[in-house]
Colleague: 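Structure incoming, see below.
This one's a predicted model, so the numbers in the text were calculated from it and none came from an experiment. Whatever order the structure lists them in is the order used to number ligands and atoms, beginning at 1.
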Amino acid sequence: MYDVIIIGSGAAGLSVAYTAIGFGKKVLLIEKYKPGGECTWSGCVPSKALINIAKDIYTVKKYNEDFQIDTKEVLKNIQRVILNVYSHETPEKLINDGINYLNGKAKIKDKNSVIVNGKEYKTKNIVISTGSSPFIPPIEGIEKVDYLTNETLFYLEKLPKSIIILGGGAIGIEMAQALNRIGVKVQLVEMMESILIKEDREFAQIIKKELENEGVKIYEKTEAIKVIEKHNKKILTVKNMDKQFELEGEALLVAVGRKANIEDLGIEEIGVETTRRGIVVNKKLQTTIKNIYAVGDVVGPYQFSHMANVQGILAAKNIVLPIKQNINYSHVAWTTFTSPELATAGMSLEEIKKQNIKYREYQFDFKNIDRAMTKKGDIGKVKLFLDKKGYVLGATIIGERAGEIISEIQVLKTLKINYAKLVNVIHPYPTYSEVLNKISKKVAVDNILENPIVKFFMNFKK
Ligand SMILES: Cc1cc2nc3c(=O)[nH]c(=O)nc-3n(C[C@H](O)[C@H](O)[C@H](O)COP(=O)(O)OP(=O)(O)OC[C@H]3O[C@@H](n4cnc5c(N)ncnc54)[C@H](O)[C@@H]3O)c2cc1C
Ligand SMILES: NC(=O)c1ccc[n+]([C@@H]2O[C@H](COP(=O)([O-])OP(=O)(O)OC[C@H]3O[C@@H](n4cnc5c(N)ncnc54)[C@H](O)[C@@H]3O)[C@@H](O)[C@H]2O)c1
């Protein structure tokens, strides 16, 4: 009898397994492919490797327009990065660390039994961490076309000369810039009024302009109607308002969101509730059957590796410890790894307004910090939202290293430190994070002006 059987060894499943063995529990981790999941094999790792290579190539091309790249080598390089990351999560490594690992497709028989390769395993608890797969939209003809997804793009032998990307979300935009920088002609189709629709609208449009300046053709408010394959070309018919036209590309990458991996798990038969978005869990990450937990992409609402980790650790603790804790989504942050990067933490301005929270907004342009002035064409901006006392509600940053800078805001927010306290923190010169220091000087003054006693005397003087 195991203490916990975990189905799926991606970011979420690995976090559950390592936390549970840390508490001395007997764990069985089941994986149908190889440990590491999407992040290692077809997500964060290969995409960031491609982005890094593309950034280098883009820089070289600034000085030597004729620079030629062998895309076969680029793809081989990505494979090397994947294998390097994988070397830290191989079955041998997991077993050596004390995790019982089993390769096979798991199906839940009942709340205490899981079947793998025809054999039944007994357990006190189950965690489902089976992740998500690319959602394929019902476009006429798509089933007859050899399209790419994040699962196949990084495994091509060489990159296509041209590509149509369907979807202007995180995957579509990151890949559009990277592929274009490597020399692939990119056309991107987004059905909403803006790319990166979940982000600050002004910043999303800055990214759009950057991509367009680099040569990516972007079609917003454009719907894909039909696709055919002709002479090794994909021809996508799209509609923008009343206009219908065709786009042609050697390849088509579909990146229009995810679907939860809940099929063939046996969960519906035993009464685990699901919706179109995935498995339903309570705040303790329990499904409708209390000793079966679910974490990561299969649950959402945030489909990021770091959120899979957070959920995985919490589910393991809730299994092991006598008092179960609720998941807290108030300090979520994420970064889109474009150039410039776009990072977001906490609440957006729309959410703050919707909840009628009294707030103070600060904006600061990177052009006022010396570090940005040292790099030609460096753009960047911070939007910071504080409550009336000076505590962080949310922030969004566009610019070089925004994904790193946002973590300083995360510290203030998560640890409930007043933003004005940053005034006393020495930041090395010249760094991008000085931008936060500069804002803190204004916040410190505003905090004093917001003080009721100060306000009283100021009114009195008038
Ligand atoms: C292109 C791309 C780029 C991304 N970039 C980032 C990024 O920069 N930062 C970030 O935070 N997030 C990023 N993400 C999202 C991130 O990859 C996911 O949120 C994360 O990997 C989800 O982890 P998971 O453990 O829930 O699922 P997965 O990693 O998908 O793991 C699920 C595992 O379960 C296994 N499995 C499924 N069914 C069964 C079964 N029946 N039996 C046994 N095993 C099974 C699968 O084989 C898989 O290994 C990116 C995603 C993509 C696609
Ligand atoms: N840097 C990161 O952290 C990172 C990078 C990549 C992916 N991810 C994760 O992976 C998830 C999936 O990424 P994604 O880009 O597939 O999804 P997404 O939800 O971020 O974006 C999908 C986009 O496709 C559009 N769309 C949907 N149907 C369409 C259609 N028929 N035609 C044209 N456009 C259509 C949507 O309006 C949306 O803008 C993300 O939500 C994110 O959680 C994270």
Colleague: Pick out which of L29, I99, I6, T40 makes a side-chain contact (heavy atoms from CB on, under 4.5 Å) with L14.
Modeller: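 Of L29, I99, I6, T40, side-chain contact (heavy atoms from CB on, under 4.5 Å) with L14 is met by L29 alone.
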Colleague: Taking only heavy atoms of S47, which atoms of ligand 1 are found under 4.0 Å from at least one of them?
Modeller: 3 (C)
Colleague: Could you pull out, from H306, K198, E193, E174, the option with a heavy atom nearest to atom 19 (O) of ligand 2?
Modeller: K198
Colleague: Any side-chain donor paired with an acceptor under 3.5 Å for Y293 and N125?
Modeller: no
Colleague: Look at ligand 1 and say whether K107 reaches it with a heavy atom at a distance under 4.0 Å.
Modeller: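 False for this residue.
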Colleague: Can you figure out which of D297, I136, V256 has its heavy atom closest to atom 22 (C) of ligand 2?
Modeller: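 Considering heavy atoms of D297, I136, V256, the nearest to atom 22 (C) of ligand 2 sits in V256.
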Colleague: Is there a donor-acceptor contact under 3.5 Å linking the side chains of T396 and E199?
Modeller: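 Short answer, no.
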Colleague: So for F304, does at least one of its heavy atoms come nearer than 4.0 angstrom to any atom of ligand 2?
Modeller: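 So F304 counts as touching ligand 2.
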Colleague: Any heavy atom of G104 closer to ligand 1 than 4.0 angstrom?
Modeller: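 Right, G104 reaches ligand 1.
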Colleague: Under 4.0 Å from ligand 1, counting heavy atoms only, is it the side chain of R258, its backbone, both or neither?
Modeller: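 The answer is the side chain.
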Colleague: Would a 4.5 Å heavy-atom cut-off, applied to side chains only, mark R181 and I57 as touching?
Modeller: no
Colleague: May I ask you to check if ligand 2 and Q303 share an N or O to N or O distance below 3.5 Å?
Modeller: yes
Colleague: Under 4.0 Å, heavy-atom basis, I'd like to know which part of S129 is in contact with ligand 1: side chain, backbone, both or neither.
Modeller: backbone
Colleague: Among protein heavy atoms, which sits nearest to atom 20 (C) of ligand 1, and what does the distance come to when rounded to 0.1 Å?
Modeller: S305 OG, 3.7 Å
Colleague: Just distances here: any N/O of G257 and N/O of ligand 2 closer than 3.5 Å?
Modeller: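 N/O-N/O distance below 3.5 Å exists for this pair.
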Colleague: Just wondering, more than 12 heavy atoms not from R277 lying within 6.0 Å of its CZ?
Modeller: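 Incorrect, the count does not exceed 12.
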Colleague: Who are the ring-ring contact (aromatic ring centres under 6.0 Å, His included) partners of W41, not counting sequence neighbours?
Modeller: Y33, Y86
Colleague: Are side-chain N/O atoms of N112 and K124 paired as donor and acceptor at under 3.5 Å?
Modeller: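 No donor-acceptor contact under 3.5 Å links the two side chains.
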Colleague: Once you restrict to heavy atoms under 4.0 Å, what part of W334 touches ligand 1? Side chain, backbone, both or neither.
Modeller: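 For W334, there is no contact with ligand 1 at all, from either part.
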Colleague: With distance as the sole criterion, is a donor-acceptor pair present between the side chains of E351 and S348 under 3.5 Å?
Modeller: yes
Colleague: Between V298 and ligand 1, find which residue part has any heavy-atom pair under 4.0 Å and reply side chain, backbone, both or neither.
Modeller: neither
Colleague: Which option wins on minimum heavy-atom distance to atom 25 (C) of ligand 2: E190, M191, E38?
Modeller: E190
Colleague: To the nearest 0.1 Å, how far is atom 44 (N) of ligand 1 from its closest protein heavy atom, and which atom is that?
Modeller: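 Among all protein heavy atoms, the one nearest atom 44 (N) of ligand 1 is K32 N, 3.1 Å.
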Colleague: Under 3.5 Å between some N or O of ligand 2 and some N or O of R258?
Modeller: no
Colleague: Thinking salt bridges, do E250 and K185 make one under a 4.0 Å N-O criterion?
Modeller: no
Colleague: Does a side chain donor of either T237 or Q244 reach within less than 3.5 Å of an acceptor in the other side chain?
Modeller: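 The answer is no; no qualifying pair exists.
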Colleague: Which option, C39, A12, C44, A333, owns the non-hydrogen atom nearest atom 21 (O) of ligand 1?
Modeller: C39
Colleague: Looking only at protein heavy atoms, which one is nearest to atom 35 (C) of ligand 1, and what is the separation?
Modeller: E31 OE1, 3.3 Å
Colleague: Please report which non-hydrogen protein atom sits nearest to atom 2 (C) of ligand 1, along with the residue it belongs to and the distance in Å to one decimal place.
Modeller: G43 CA, 3.4 Å
Colleague: Quick one: which ligand 1 atoms are inside 4.0 Å of a heavy atom on K105?
Modeller: 41 (N), 42 (N)
Colleague: Side chain, backbone, both or neither: which applies to M307 and ligand 1 if a contact is any heavy-atom pair less than 4.0 Å apart?
Modeller: neither
Colleague: Kindly identify the option in I165, T149, I171 whose heavy atom sits closest to atom 13 (O) of ligand 2.
Modeller: I171
Colleague: Using a 4.0 Å cut-off to any heavy atom of G37, which atoms of ligand 1 qualify?
Modeller: 29 (O), 31 (O), 49 (O)
Colleague: Do we get K217 above Y219's six-membered ring, with its NZ or CZ under 6.0 Å from the centre and within 45° of the axis?
Modeller: yes
Colleague: Got an N/O contact under 3.5 Å between I7 and ligand 1?
Modeller: no
Colleague: For atom 27 (O) of ligand 1, what's the nearest protein heavy atom and its distance?
Modeller: G131 CA, 3.2 Å
Colleague: Where is the nearest protein heavy atom to atom 17 (O) of ligand 1: which residue, which atom, and how far?
Modeller: E38 OE1, 2.9 Å
Colleague: By number and element, which atoms of ligand 1 are closer than 4.0 Å to a non-hydrogen atom of D297?
Modeller: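 Matching atoms, with element in brackets: 18 (C), 19 (O), 22 (C), 26 (O).
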Colleague: Can Q303 and W334 be counted as having a side-chain donor-acceptor contact under 3.5 angstrom?
Modeller: no
Colleague: Could you tell me whether L166 approaches ligand 2 through its side chain, its backbone, both or neither, with non-hydrogen atoms closer than 4.0 Å?
Modeller: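 The side chain, only.
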Colleague: Taking only residues two or more places apart in sequence, or in another chain, which ones meet E361 in a side-chain hydrogen bond (donor to acceptor under 3.5 Å, both in side chains)?
Modeller: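 Applying side-chain hydrogen bond (donor to acceptor under 3.5 Å, both in side chains) to E361 gives Q363.
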Colleague: Quick check: closest heavy atoms across V332 and Y329, and the distance to 0.1 Å?
Modeller: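 Minimum heavy-atom contact is CG2-O, 3.4 Å.
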Colleague: Heavy-atom contacts under 4.0 Å between L265 and ligand 1: side chain, backbone, both, or neither?
Modeller: side chain
Colleague: If you have a sec, work out which protein heavy atom is nearest atom 53 (C) of ligand 1 and how many Å separate them, to one decimal?
Modeller: N150 ND2, 3.2 Å
Colleague: Among the heavy atoms of S42, does any lie under 4.0 Å from an atom of ligand 1?
Modeller: yes
Colleague: So for atom NZ, which belongs to K239, do other residues, nucleotides or ligands contribute more than 12 heavy atoms lying within a distance under 6.0 Å?
Modeller: no
Colleague: Could you tell me whether ligand 1 has any atom less than 4.0 Å away from a heavy atom of N261?
Modeller: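 No heavy atom of N261 comes that close to ligand 1.
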Colleague: So, S9 versus E31: side-chain donor-acceptor pair below 3.5 Å or not?
Modeller: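 On atom types as modelled, these side chains qualify, holding a pair under 3.5 Å.
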Colleague: In the protein, what heavy atom is nearest to atom 7 (C) of ligand 1, and what distance, to one decimal place, separates them?
Modeller: K48 NZ, 3.6 Å
Colleague: Without hydrogens or angle criteria, can the side chains of T130 and N261 be said to hold a donor-acceptor pair below 3.5 Å?
Modeller: no
